[in-house]
Amino acid sequence: MSLSDHPKAYSSAALALAFAAGIAVTLGFKDFYPDLETTYQRKRRELKRAAKADSARRNSLLWGPVALEDHEAHLALPGLDPSTYAAPPVAANGIEDCIGNTPLIPIQSLSRATGRTILAKAEFMNGAGNSPKDRVALNMIREAEAQGLLTPHQGDTIYEGTVGSTGISLATLARAKGYKAHIFMPDDQSHEKSNLLLHLGATVERVTVAPITDPNHFVNLARRRAAEHADTYKDGSKGFFANQFESQANWQAHFNGTGPEIWRQTGGTIDAFVAGAGTGGTISGVARYLKEEAKTNTLKIVLADPHGSGLYNKVKYGVMYSPTEKEGTRRRQQVDSIVEGIGINRVTANFEAGYDLIDDAVKVTDDQACRMARWLVENDGIFAGSSTAVNCVAAVVTAMSLPEGSQLVTILCDSGTRHVSKLYKHVKELGLESGDETVPNLFKALGIPEPK
């Protein structure tokens, strides 16, 4: 009897044969499958990249470069440019490429209390010395190299007189770019700064506080040692005096960097800029850029000044000293304050560069600075130094002089880790860290009038 005589039996046999063949094929090709899968996935990725590149080319031809936006972030922070939060490119030049393009963040507690948006440029996120002075130090070094005053890897030394932050930035970049650093600072500055400088490989001299007219003032010592360098070492190396107080590279670093970043990040929606002045480079450079871009008289530039500094009187009344701030009446020659980094009793070239653009000034007491420092820790998780605390007090005072809904910008300068033995010692002595004397109302804490 043939299978053709029994169709059901025939179809069952054919199905069994096909199943067996399938198993054989699978077993035969199983060793080749990984290679086939890899090839398939690679081709798939190549096709995707090609399609994406082609789409980007078409978009650029029609509309120019297209950037993706985080619409939720844009809605949450009106006025801020979300494109500034794009991932940065590869830092081809090392640590110096980590300087600039710092975030602009809202200080939520201050904004809620005042009814105005108070934004802060997070300059402590600069990647070398973690302060605004990174911008200045890098620009001064680049200018010196362009003029032949510094040549890397031949033993050249950068000399500077500083209360800390500029020295830290210079010491860090000096190592990165092939130089030595020799730093002079007043002996009343926090030891965290001088210890950090030593760990960065700088030579550090803490010198007795003296007026600028004294040859042994920390700035004058730095200038003199730089001039004596060649005769001292006789090895062909050069000494370069950075001269942050008078160098035009200082304010220009902020005119070319900080100012444009703030303008871009706010989308040009800014009613006031508030900052302290040590050398004066930050407030002058940013003010000059913002005023040129704004092309309006409504943008206010406000100086934040600690007790004992003469700049408040210079801005408000056109004279440097009040009767209580004459030479010899202060326990310190620079400023009679626990605040470091800002406040001075002379007009530097950098301050002069923007002096005519400063509209107002706010005087901040040590007590207010301490209370603001603790307020920022408790309410915003911001652990900042004394100059930042002064900036934020002045920002609150300035905000209350502006219409409700206004937007202003200030500077977060450096971390509180450099101010533990000085500023935060006073914070603790005030009982603020225990919580016993913490005032939940910002205006009561600062001793300024509450909004009506």
Side-chain angles (χ1 to χ4, degrees), residues 77 79-80 102-126 131-133 135 165 254 257-266 269-278 280-291 294 299-306 309 311-312 315 339-343 354 357-364 368-369 371-373 375-377 379-402 406-416 423 442 446 448:
L77 300 173
L80 300 186
T102 55
L104 187 68
I105 63 174
I107 305 183
Q108 302 285 9
S109 70
L110 304 186
S111 299
R112 285 193 299 268
T114 61
R116 286 81 175 161
T117 302
I118 296 180
L119 305 169
K121 193 85 164 107
E123 287 293 276
F124 63 86
M125 293 186 69
N126 282 304
S131 81
K133 299 300 184 180
R135 301 174 186 266
S165 291
H254 295 291
T258 320
E261 289 171 28
I262 290 172
W263 184 259
R264 184 173 68 251
Q265 288 169 318
T266 59
T269 307
I270 176 172
D271 300 293
F273 175 71
V274 182
T282 302
I283 194 167
S284 291
V286 173
R288 191 152 293 283
Y289 184 87
L290 293 181
K291 288 277 191 175
L299 172 63
K300 293 180 66 176
I301 305 297
V302 180
L303 171 74
D305 211 33
S309 171
L311 298 181
Y312 171 85
V315 171
V339 175
E340 298 180 355
I342 57 174
L357 302 176
I358 301 175
D359 302 294
D360 202 358
V362 176
K363 177 76 75 178
V364 178
Q368 288 175 319
R371 293 181 182 278
M372 176 57 78
W375 176 278
L376 292 173
V377 172
N379 294 280
D380 299 277
I382 297 173
F383 186 51
S386 55
S387 53
T388 294
V390 171
N391 285 346
C392 289
V393 173
V396 168
V397 174
T398 301
M400 300 318 301
S401 71
L402 299 173
S406 297
Q407 183 163 268
L408 61 157
V409 175
T410 190
I411 302 289
L412 298 180
C413 302
D414 62 359
S415 168
L423 172 71
L442 173 66
L446 299 178
I448 61 178

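- Interatomic distance, OG1 of Thr117 versus CD of Gln108, reported as 9.0 Å (0.5 Å rounding).
- Residues Tyr289 and Thr258 have side chains not in contact (no heavy-atom distance under 4.5 Å, counting atoms from C-beta outward).
- Side chain of Glu340 to main chain of Ser165: no donor-acceptor pair is present (N/O by atom type, distance under 3.5 Å, no hydrogens or angles).
- Closest heavy-atom contact between Val274 and Ala395: CG1-N, 3.9 Å.
- With a 4.5 Å cut-off on side-chain heavy atoms, Asn391 and Lys121 do not count as touching.
- The shortest distance between side-chain heavy atoms of Ser111 and Ile118 falls below 4.5 Å.
- Between the side chain of Thr388 and the backbone N or O of Cys413, at least one donor-acceptor pair lies under 3.5 Å.
- Heavy atoms only, all atoms of each residue included: Ala122 and Thr102 are closest at O-CB, 3.4 Å.
- Two residues are said to be in side-chain contact when any heavy atoms from C-beta on lie closer than 4.5 Å; Asp359 and Lys291 meet this criterion.
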TODO: List the steps, then state whether side-chain contact (heavy atoms from CB on, under 4.5 Å) holds for Val396 with Met372.
DONE: CA-CA 10 Å; Val396 168; Met372 176 57 78; 4.0 Å; yes

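- For Thr410 (side chain) and Cys392 (main-chain N/O), no donor-acceptor pair under 3.5 Å exists by modelled atom type.
- Here CD1 of Ile105 is found 4.5 Å from CD1 of Ile382. Values are rounded to the nearest 0.5 Å.
- Within the model, atoms CG of Leu119 and CG of Leu110 stand 11.0 Å from one another, a figure rounded to the nearest 0.5 Å.
- The OG atom of Ser386 sits 5.5 Å away from atom CG of Leu423, with the distance rounded to the nearest 0.5 Å.
- Legend: residues meeting salt bridge (Lys or Arg N to Asp or Glu O under 4.0 Å) with Lys300, ordered by chain and number and at least two apart, are absent.
- Rounding to the nearest 0.5 Å gives a distance of 9.5 Å between OG1 of Thr398 and CG of Leu303.
- Nearest heavy-atom pair across Val390 and Pro306 is CG1-N, 4.4 Å.
- Checked against side chain to side chain donor-acceptor pair (under 3.5 Å), Ser415 has the following partners two or more places apart in sequence or in another chain: Thr417.
- Between Ile301 and Ile358 there is a side-chain heavy-atom pair separated by less than 4.5 Å.
- A 4.5 Å side-chain heavy-atom check between Gln368 and Ile448 finds at least one atom pair inside the cut-off.
- Taking every heavy atom of both residues into account, Ser109 and Trp375 meet most closely at OG-NE1, 3.0 Å.
- At a threshold of 4.5 Å between non-hydrogen side-chain atoms, the residues Phe273 and Ile411 count as touching.
- The shortest non-hydrogen separation linking Gly259 to Leu290 is O-CD2, 3.9 Å.
- When all heavy atoms of Ala277 and Ile283 are compared, the closest pair comes out as CB-CG2, 4.2 Å.
- With sequence neighbours left out, Asp305 forms a side chain to side chain donor-acceptor pair (under 3.5 Å) with Ser309.
- Residues satisfying the side chain to side chain donor-acceptor pair (under 3.5 Å) test with Ser387, not counting sequence neighbours, are none.
- Not one N or O on the side chain of Ser284 forms a donor-acceptor pair closer than 3.5 Å with the backbone of Gly281.
- The side chain to side chain donor-acceptor pair (under 3.5 Å) test applied to Asp360 returns Lys316, not counting sequence neighbours.
- Remark: Arg135 engages Glu123, Glu261 in a salt bridge (Lys or Arg N to Asp or Glu O under 4.0 Å) (not counting sequence neighbours).
- Heavy atoms of other residues, nucleotides or ligands lying less than 6.0 angstrom from CE of Met125 number 12 at most.
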